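Below, chain A is the first sequence line, B the second, and so on; all start at residue 1. Bear in mind that the values here come from a model prediction, so they are computed numbers and not experimental data.
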Amino acid sequence: MEQTWIILGASSTMARALMQKLAEAGAGLVLAGRRMDDLQASASDALARGAALAEPVAFDARDPDSFQPVIDRALDQPGQINCAVFVGSMPPQAEIDADPGLLDGVIADSFTGPARFLQMLAPHLEARGSGTVVGVGSVAGDRGRIGNYVYGGAKGGFATYLSGLRNRLGRSGVHVLTVKPGPVDTAMTQGMEGLPFPTTAEAVAEDILAGVGRGRDVLYTRRIWWPIMLVIRAIPEHLFKKMSI
Amino acid sequence: MQGARRITYSGWGRVHRATGPVARPHAADAIDGTAPAFGNRRSYGDAPLNDGGGACDMTAQNRILAFDPRAGVLTAEAGVTLGTLARVLPARGWLPPVLPGTGFATLGGAVAMDVHGKNHHAAGSFCQHVTALTLVQNGQRRPVTPETDPALWAATCGGLGQTGVITQVTLQLAACPGDVMVVTERRVADWAEHIARLDASDAAYCVGWIDATASGAALGRGILEEAEVGRGLPPARPAPRRVPLDAPHWALSAPIVRAFNSLYYHRVPATGRTTVRPFDGFFFPLDRIHDWNKLYGRRGFHQFQCVVPPEQAEALRAMLAEIADSGLASPLAVLKRMGPGRAGYLSFPMGGYTLAVDFPNRAAARALIARLEDLTVAAGGRIYLAKDALATGDRVKAMYPDHPRWLSRVAAADPDGALETDMVRRLDLRRT
């Protein structure tokens, strides 16, 4: 069946890796993001690799007025509609601590923006009776840590939202995959030293496609993060509050 | 450069190492041309290294920016691999005109080394099919074509990245009238037959595998592989495997290599055979085994590759005899005929024959390679800088008569030496 993927945050490094694989498999792509010149370059890349369609559309997670045109563009296509969400922002926690006004943007980029978008898209997926939603969260969303608890809070909220969306859409044959990457070598992590168990955008994209193929619900990548987060989640709060991990 | 991380890295041979801040820019405008660039570091020696200084990892620059399926012209970022192009283009009727032995080589690296393929005798070198480049020189983006600045062009093609960071490459593709490679393999009994068959071949792609452990009457025996693009169903290729850790030093010892080579030789029937292979299986046979360089263990390995003029085939035979007598060779030994095609002052190819042999990194192998380099100079040939980790500046300058012209153009393009690499310093290439 023909597949069209909406890619929210198509300028992200992980999104690019996934789009290149989808394009080589002949899927159609709606590239949604803010940097149109960059999206145009990625669209050219996707078409050269064999994408059935590659169309950049302006999208800003903080501007709900930009959402409907993205959905409309995908609905023009026959067949199955899928959506992969890569939007998010992670300013250093210290900057947010100094300027609490930054918090709203982080929540909008990482949680409420994409959640509202998916809320608008959901009825269309239900109507077509098929489709896949891939939501990229983060291991940071599994526990609030002193180092980045606003970003973690947003990603945690998004993961909980995806859990509920899975519960809803599963009844209509639509699959929701939550992806929780550890540190990935992306534009967002440039120059950060000493990141534990780092992975690459290409490896994350392979894991996502494997997870979609197998109908996985929640996927940690690299896989080592599943047992690690199992332990971290199990630490009692009265101990955790004194830790700086 | 911004966003750099301090790492230790090496070339494919894993003999030389470098430590320094390496940036992997995701945005093209973050590349400022103030540090040398590398791709997937498939050069064997120290060409991609800058010990103590910074470097720019180009592998995140991996987009095809424009593709004209009618004219077969493609512009891509320098980090796109040739394997990617060989994978996605045949379905659209095109193929990269020149493919080296690994698909992990990037476009930028292919230009900086002016690489060649199994079709060099007919198709020439990689850069002969490149029609435009974008360089970044000290923060300035600079488009270059062979017409706008012929000297800069010739200093850039095969120029070891010293004229600026190569960020974009425009390539004229070759028409690809099929879906598979039709490969004919024949046993060749000795050196004379090997050379005669290479000379007689009119196949588009032609390469000889040599059993570098065979000596005496069997010296030069091997398998001649001739191939053309054909129509048909590509056979499925097994999933890639990975060498998980460094092999022990005896893994490629003389008895094991002799046994392997004998099996490899006799696997092809005495009457020869024709088979069909997928493109990647034909062009990049070793890419199926990821990290195969670990088979040589922690000490790493060297590849010696030289080319000698056609009338010096006898000198090449003498080199092979020394290699066979040394008992140091590995299974990987390749003999090819080369045409005259080359694009730059420091391009490797020249009309004649090229021999490439891998050796584990041992004192005896290093001494043998030094001796082979001397024989190469005496034969009027040259060694391939993409493979070199051992040569001296005097030897290399004697092999590359256009070095002074390269040097004068490089001095103008990078006056402060910001793009110097460990290889450039080892070979003293930035001085006469």
Side-chain angles (χ1 to χ4, degrees), chain A residues 7 9-27 29 31 33-52 54 56 86 92 183-196 198-206 210, chain B residues 1-7 21-31 40 54 56-57 59-77 79-81 83-94 96 104 107 134 167-168 170-171 173 239-240 242 280 290:
Chain A
I7 310 290
S11 288
S12 92
T13 311
M14 278 188 270
R16 185 194 291 184
L18 181 69
M19 289 191 300
Q20 291 182 333
K21 292 183 192 301
L22 292 171
E24 288 185 28
L29 298 172
L31 294 77
R34 281 179 299 171
R35 291 161 43 203
M36 290 306 283
D37 55 336
D38 184 73
L39 296 184
Q40 194 59 59
S42 286
S44 300
D45 179 59
L47 288 173
R49 286 171 192 260
F86 290 95
V184 184
D185 177 21
T186 65
M188 199 159 90
T189 59
Q190 279 281 289
M192 293 184 184
E193 305 262 356
L195 296 171
T199 187
T200 63
E202 289 70 29
V204 170
E206 274 168 30
Chain B
M1 285 195 63
Q2 279 202 323
R5 241 180 284 228
R6 194 175 171 79
I7 61 167
V22 173
R24 185 168 180 259
H26 295 263
D29 51 17
I31 301 162
N40 277 320
C56 182
D57 176 343
T59 53
Q61 297 289 311
N62 63 355
R63 286 187 293 200
I64 301 166
L65 299 172
F67 171 55
D68 178 346
R70 284 215 268 173
V73 177
L74 171 142
T75 298
E77 294 174 333
V80 170
T81 66
T84 297
L85 298 183
R87 188 174 67 239
V88 304
L89 292 175
R92 333 289 286 280
W94 300 97
F104 291 110
L107 283 173
T134 303
T167 57
Q168 287 183 20
T170 300
L171 187 61
L173 303 165
R242 184 173 293 277
D280 55 352
H290 288 176

Leading residue by heavy atom contact count with chain B [cutoff under 4.5 Å; candidates A:S44, A:A46, A:A201]: A:S44
Nearest-0.5 Å distance, OG1 of residue B:T84 to CD of residue A:E24: 6.5 Å
Interatomic spacing from NE2 in B:H26 to CG in A:D38 - rounded to 0.5 Å: 12.0 Å
Contact class of A:Q40 relative to chain B, heavy atoms under 4.5 angstrom: neither
Selection from A:G50, A:A43, A:A23, A:S42 maximising heavy-atom pairs under 4.5 Å formed with chain B: A:S42
Over 12 foreign heavy atoms within 6.0 Å of CZ, B:R92: yes
Which atoms of B:A91 approach chain A - backbone, side chain, both or neither, heavy atom under 4.5 Å: neither
Best-contacting candidate, B:I64, B:L74, B:V88, against chain A by heavy atom pairs under 4.5 angstrom: B:I64
Over all atoms of both residues, closest heavy-atom pair of A:A41 and B:R63: CB-CZ, 3.8 Å
Heavy-atom closest contact (B:N62 atom, A:R16 atom, distance): OD1-NH1, 2.9 Å
